[in-house]
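First the structure, in the form of structure tokens, and then the observations on it.
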Amino acid sequence: MALRHGVLYLVLLAVVLVVRVESGKNWVLIVAGAKDYNNYFSQADSCHAYHTMLNNSIPPENIIHMSYDDVAHDPQNPFQGNLINVPGGPNLYPGCKMDYRKEEVTPEVFLKVLTGDKEGVKKLIGRDGKVVDSGPDDHVFVTMVDHGGPGVFCFPGFVELHNTDLNNALKQMHRENRYKEMVLYVESCYSGSMFEGILPKNINIYSTTCSNAHESGYMCCWDKTREVYLGTQYGNAWMYDTDKANLHKETLYQQYEVVKKACNVSGTVSHPMQYGNLSMNKEVLAQYQSKAEGYQPGVCLNTLEADNTLGPEFTFAGIDLNNPAIDMVQIATTARRLIESRDLSGEKQEKLKADLRHMMLVKEKAESLTKDLVKAALSSPRGLTETDILTGKEQVSNSECYKTALGLFSARCPGINMGKYPFARRNLQAFINLCNHQPQTDVMNAIMEVTEKYGICRAL
Ligand SMILES: *[C@@H]1O[C@H](CO)[C@@H](O)[C@H](O)[C@H]1NC(C)=O
Ligand SMILES: *[C@@H]1O[C@H](CO)[C@@H](O)[C@H](O)[C@H]1NC(C)=O
Ligand SMILES: *[C@@H]1O[C@H](CO)[C@@H](O)[C@H](O)[C@H]1NC(C)=O
């Protein structure tokens with residue numbers, strides 16, 4: 001009896017271990033959503049992903065890469081034409097091909113590229129561009145990295161991709177039979193909010209995010225010479241894992257466990273999440289991140305791993321300067337430059353101090369403005385108190401109102417520039433909550449009234 005069970009077990013084990021990577025084409029869409037030298041991590045991550053996919057034998061014509069591409073040649077970059085993802089790592093810029101650059105990197109172009117709409121892309125940018133031209137047998141892998149906010153992933157500047165629009169595009173692709181299965185890795189603060197409660201479980205899509213719907217993701221890899229954070233905990237963890245793993249053996253779930261561990265360093269814990277059809281996480285990475293033919297496990301660009309081990313505690317205004325939250329990257333970068341660059345001229349030091357003071361002021365004003373905004377919008381409350389609105393963690397249910405409110409706020413308060421100051425987006429949860437409960441006109445009137453009162457709104 002025991003023997004028969006043992007044999008049965010071995011047979012089952014053998015079945016599980018036979019890796020079946022399905023045929024059909026592989027498509028990979030890589031998005032760096034940020035611009036500006038301080039956001040180095042975003043373009044470094046995306047070039048790393050590009051090389052990793054190429055190295056794993058995904059045909060170059062099936063890889064699409066969107067990146068603003070201003071960091072490698074930014075005058076502040078002491079190594080022109082050079083992008084690394086970890087201190088001492090290889091230069092990822094040479095050969096890092098981009099299909100959409102500069103002003104072409106927008107949510108609208110992204111959605112057309114994703115849904116394979118060549119005509120739509122041409123209409124938007126006035127030229128032909130590569131799209132995910134996938135069919136019913138194909139596997140699609142999407143990876144995107146930038147700042148985000150509740151219910152939004154951001155493109156260069158404060159141009160938001162809303163969770164509703166992303167999920168509508170995914171559902172459309174499913175209806176149009178544009179893939180067999182799809183996997184998305186999304187890295188931004190609040191990235192869980194891009195899928196939580198919205199991504200259907202029955203359209204063959206599986207996603208992981210670097211954080212849950214209500215928290216930041218975290219940076220890693222400060223580089224003393226470049227004076228920037230080179231990477232992120234989640235992004236660096238999955239890519240270096242992919243670079244060294246045997247993709248025919250390791251599953252999506254195992255990679256999820258790797259990123260969970262990497263994002264759990266003391267003090268700066270984010271909670272990577274899984275969404276969609278969770279049964280898909282039993283599939284091997286090779287299904288999405290490599291092509292069966294030509295891929296050789298262990299032959300990889302770089303196996304140098306990010307050093308997530310913390311040195312002595314190192315903070316500024318409560319912000320961890322070893323692994324700051326992604327949306328605190330500007331404050332953390334400026335603080336570190338000031339602290340570490342002893343040989344700076346007095347003038348440069350004064351400039352950094354002034355920048356830091358201004359950012360701290362924007363942070364504080366954005367918080368108090370949000371409180372006043374909530375008060376004004378609740379002049380005729382519909383059953384909820386100010387505290388409910390300020391602390392509630394609701395999902396976007398009135399997307400139209402939320403979009404309009406963000407548009408109006410940005411226009412009325414350019415001083416709290418959420419493109420430049422991603423930390424100000426932490427207050428956006430209150431906008432979502434307000435839109436869910438109050439009439440849209442009350443929310444808009446409150447924005448008009450309150451932005452009028454705050455001098456910071458016009459202080460550019
Ligand atoms: C989830 O994915 C698995 C594996 O591909 C599939 O067998 C199952 O039918 C899917 N479930 C749903 C609800 O679509
Ligand atoms: C983080 O790591 C600690 C210690 O290694 C462990 O006790 C804890 O459960 C982990 N937390 C999460 C959310 O995984
Ligand atoms: C893959 O990595 C190897 C080892 O670093 C490198 O020699 C090779 O050029 C890479 N291939 C591609 C296509 O990037």
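Along the sequence shown, the residues carry numbers beginning at 1. In listed order, ligands and their atoms are each counted from 1.
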Could you tell me which residues satisfy side-chain contact (heavy atoms from CB on, under 4.5 Å) with His214, sequence neighbours excluded, listed by chain and number?
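Glu196, Asn212, Lys393, Gln429.
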
Sequence neighbours excluded, the answer for side-chain contact (heavy atoms from CB on, under 4.5 Å) partners of Glu104 is Tyr100, Ile125, Arg127

Residues at least two apart in sequence or cross-chain that pass salt bridge (Lys or Arg N to Asp or Glu O under 4.0 Å) with Glu257, listed by chain then number, are Lys260

Ring centers of Tyr421, His147 separated by less than 6.0 Å:
no

Inset, instruction - Tell me yes or no: between the side chains of Asn38 and Gln330, is some donor less than 3.5 Å from an acceptor? - result: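 No, Gln330 and Asn38 have no side-chain donor paired with an acceptor closer than 3.5 Å.
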
Next on the checklist: Check this for me, if you would: do Asp327 and Arg426 make a salt bridge, where the nitrogen-to-carboxylate-oxygen distance has to be below 4.0 angstrom?
Outcome noted: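 A salt bridge is present here (some side-chain N lies under 4.0 Å from a carboxylate O).
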
Provide, line by line, the atom pairs where ligand 2 and the protein bring an N/O atom each to a distance under 3.5 Å; else say none.
residue  : atom   : partner : partner atom : Å
ligand 2 : 2 (O)  : Asn264  : ND2          : 2.3
ligand 2 : 11 (N) : Asn264  : ND2          : 2.8
ligand 2 : 14 (O) : Asn264  : ND2          : 3.4

Point-to-point distance, once rounded to the nearest 0.5 Å, from CG of Asn55 to OH of Tyr50:
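Reported value, rounded in 0.5 Å steps: 11.5 Å.
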
A student checking ligand 1 against Asn202 at a 4.0 Å heavy-atom cut-off should list atoms 13 (C), 14 (O)

Glu181 heavy atoms within 4.0 Å reach ligand 1 at atoms 5 (O)

Within the 4.0 Å heavy-atom cut-off, what Lys201 brings close to ligand 1 is backbone

